[in-house]
Amino acid sequence: SIFFNKYNEKLFLLKSERDTSQLNQSSYSENEFTCRICSLSNMVTNLNGRKLKEILNSSIQENKTLDLLEEYLISLVKNSGKIIKTFRNINKIRQAFPIHGDENSGLIDAYAYFGIKYPIENYNEVWKILLKYYLTSLENILNILTQEKE
């Protein structure tokens, strides 16, 4: 990857092969959706925070990986906020029932961000929407890193 070639480390840290295998699966039930969204959330939050801190010369100990990614992307391209909004909203949806509960602050807004009506009526349709946003965000990160390389 471009990030690896520049920094000799990965940006996205895959903690479980199971997470990537979920991307190919359908999601016809709430249980399947819960499993898929947990895996997708792992993929958007399991970032190389240590390397991002190093690149940004950040001494802040409490930075979460999405905060660090946001700071890094903004340092490269000012209008990179949609990527982080997508990742944060995927993570917000993961925090819903049964993980934490529907009363989780911002859940309805997270679904609205993706144009999804809540409560979910068609889990597979929602899963496809979330995957499309995720893949678009990955493409946008790649484009940002490619532009930086030039």
Side-chain angles (χ1 to χ4, degrees), residues 1-27 29-102 104-114 116 120 123-124 126-149:
S1 88
I2 295 168
F3 189 88
F4 186 86
N5 289 339
K6 182 167 184 166
Y7 300 110
N8 217 24
E9 292 186 40
K10 293 178 180 182
L11 175 58
F12 292 92
L13 303 176
L14 198 57
K15 292 187 179 178
S16 172
E17 296 287 330
R18 287 183 180 180
D19 289 336
T20 57
S21 71
Q22 297 298 315
L23 298 180
N24 300 351
Q25 305 293 319
S26 296
S27 179
S29 69
E30 183 179 9
N31 286 341
E32 288 175 338
F33 181 78
T34 299
C35 183
R36 309 286 181 269
I37 194 65
C38 285
S39 290
L40 188 58
S41 179
N42 287 341
M43 293 174 69
V44 302
T45 59
N46 290 334
L47 302 166
N48 193 338
R50 184 194 52 73
K51 189 63 178 181
L52 288 169
K53 278 185 180 183
E54 180 184 309
I55 293 165
L56 296 166
N57 293 317
S58 176
S59 61
I60 300 170
Q61 297 299 314
E62 295 301 315
N63 275 8
K64 295 184 178 181
T65 57
L66 287 178
D67 295 337
L68 291 166
L69 179 62
E70 179 176 35
E71 189 178 336
Y72 173 67
L73 293 175
I74 288 172
S75 76
L76 302 176
V77 177
K78 298 299 178 219
N79 62 349
S80 58
K82 187 167 183 170
I83 295 166
I84 297 302
K85 282 184 182 177
T86 296
F87 284 4
R88 287 188 196 285
N89 282 309
I90 287 171
N91 196 42
K92 187 68 71 178
I93 290 171
R94 182 212 49 93
Q95 295 170 352
F97 178 84
I99 307 302
H100 292 289
D102 284 344
N104 184 30
S105 174
L107 177 64
I108 302 304
D109 290 338
Y111 279 109
Y113 172 83
F114 296 110
I116 298 167
I120 297 173
Y123 287 99
N124 203 46
V126 169
W127 177 237
K128 288 177 183 178
I129 290 168
L130 295 176
L131 278 179
K132 183 177 178 186
Y133 270 82
Y134 170 68
L135 294 174
T136 298
S137 291
L138 290 181
E139 289 171 356
N140 290 338
I141 290 171
L142 180 61
N143 289 336
I144 289 169
L145 293 176
T146 301
Q147 289 172 8
E148 185 212 10
K149 186 181 172 193

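For this chain, numbers begin at 1 and follow the sequence in order.
Here the straight-line distance linking atom CD of Glu54 with atom CG of Leu52 works out to 10.0 Å at 0.5 Å rounding. Taking CG of Asn46 as the start and OG of Ser41 as the end, the distance is 8.0 Å to the nearest 0.5 Å. Atoms CG and CZ, from Asn124 and Arg36 in turn, are 9.0 Å apart once rounded to the nearest 0.5 Å.
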Could you please spell out the steps behind the side-chain contact (heavy atoms from CB on, under 4.5 Å) verdict for Phe4 and Leu11?
CA-CA 7 Å; Phe4 186 86; Leu11 175 58; over 6 Å; no
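The environment of NZ in Lys51 is crowded: more than 12 heavy-atom neighbours from other residues, nucleotides or ligands sit within 6.0 Å.
Using a 4.5 Å heavy-atom threshold, the side chains of Leu40 and Gln22 count as separate. For the pair Asn42 and Ser16, the minimum side-chain heavy-atom distance is 4.5 Å or more. Using a 4.5 Å cut-off on side-chain heavy atoms (C-beta onward), Arg88 and Asp67 make contact.
Gly106 and Lys92 get closest at one heavy-atom pair: O-CG, 3.8 Å.
Listed by chain and number, the residues in a ring-ring contact (aromatic ring centres under 6.0 Å, His included) with Phe3 are Tyr7, Tyr72 (sequence neighbours excluded).
A donor-acceptor pair under 3.5 Å is formed between the side chain of Thr34 and the backbone N or O of Glu30. Using modelled atom types, no side-chain atom of Thr65 and backbone atom of Gly49 make a donor-acceptor pair closer than 3.5 Å.
Taking the six-membered ring where the residue is Trp, Tyr123 and Phe33 present tilted rings, their angle falling between 30° and 60°.
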List the atom pairs, with distances to 0.1 Å, where a side-chain N or O of residues 128-137 and a protein N or O form a donor-acceptor pair under 3.5 Å, not counting sequence neighbours.
unit_1, atom_1, unit_2, atom_2, d
Thr136, OG1, Lys132, O, 2.9
Ser137, OG, Tyr133, O, 3.2

